[in-house]
> 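One structure follows; several queries about it will come next.
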Amino acid sequence: MIVCRYATTLHTEAREGALHGVRRALYDFHMRICPACKAYRQGLAQTDEALHALPPEPAPEDLKNSLAERLRAKKG
Ligand SMILES: [Zn+2]
């Protein structure tokens, strides 16, 4: 049996499909029996979806100009 603190460290690996073997089995079992970790995992998934749904933020003009200047300076 694993504890919640350890289970929370495995969420990312589990989501990325990088969690295997005994650790995966322990994680899956914990998610079945622990409503708190299940809710935490759902919260992470919802946050992830919300972030991916945001439109890309355009870079500020002054940053673009500053980078362009630096690149020109490096070339010359
Ligand atoms: Zn838990």
Side-chain angles (χ1 to χ4, degrees):
M1 177 72 173
I2 59 174
V3 294
C4 297
R5 194 183 313 168
Y6 182 60
T8 58
T9 67
L10 301 177
H11 284 308
T12 303
E13 276 183 80
R15 286 175 56 75
E16 292 172 350
L19 189 59
H20 306 287
V22 175
R23 290 166 72 227
R24 178 79 216 198
L26 289 170
Y27 175 80
D28 287 343
F29 179 71
H30 188 82
M31 287 304 120
R32 280 207 303 271
I33 63 163
C34 181
C37 283
K38 219 162 141 177
Y40 180 76
R41 182 173 66 177
Q42 273 180 334
L44 286 179
Q46 285 169 351
T47 303
D48 208 32
E49 281 171 29
L51 287 174
H52 281 95
L54 289 172
E57 181 85 9
E61 281 305 312
D62 58 335
L63 176 63
K64 282 191 216 170
N65 293 338
S66 162
L67 283 172
E69 269 176 42
R70 285 184 190 194
L71 286 171
R72 272 194 298 271
K74 213 166 193 169
K75 269 185 184 175

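Just the heavy atoms: all of them, side chains too, but no hydrogens, waters or symmetry mates, feed the values below. One-based numbering, in listed order, for ligands and for the atoms of each.
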> Identify whether the distance between the nearest side-chain nitrogen and carboxylate oxygen of Arg32 and Asp28 falls below 4.0 Å.
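Looking at Asp28 together with Arg32, the answer is no, because their closest N to O distance does not fall below 4.0 Å.
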> Pairs of donor and acceptor atoms involving the side chains of residues 47-64, under 3.5 Å and at least two apart or interchain, shall be tabulated with distances.
unit_1	atom_1	unit_2	atom_2	d
Thr47	OG1	Gly43	O	2.9
Asp48	OD2	Arg15	NH2	2.6
His52	ND1	Asp48	O	2.8
Glu61	OE2	Lys64	NZ	3.2

> Work out how many protein N, O or S atoms lie closer to the Zn ion (ligand 1) than 2.8 Å.
4
> Mind telling me whether His11 and Tyr27 have parallel, tilted or perpendicular rings, with 30° and 60° as the class edges?
perpendicular
> Any side-chain heavy atom of Glu13 within less than 4.5 Å of one from Leu10?
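Counting from C-beta outward, Glu13 and Leu10 do come under 4.5 Å.
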> Without swapping roles, check the side chain of His30 against the backbone of Ile2 for a donor-acceptor pair under 3.5 Å.
yes
> Check whether any side-chain heavy atom of Cys34 lies under 4.5 Å from a side-chain heavy atom of Lys38, and answer yes or no.
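Sidechains of Lys38 and Cys34: no contact.
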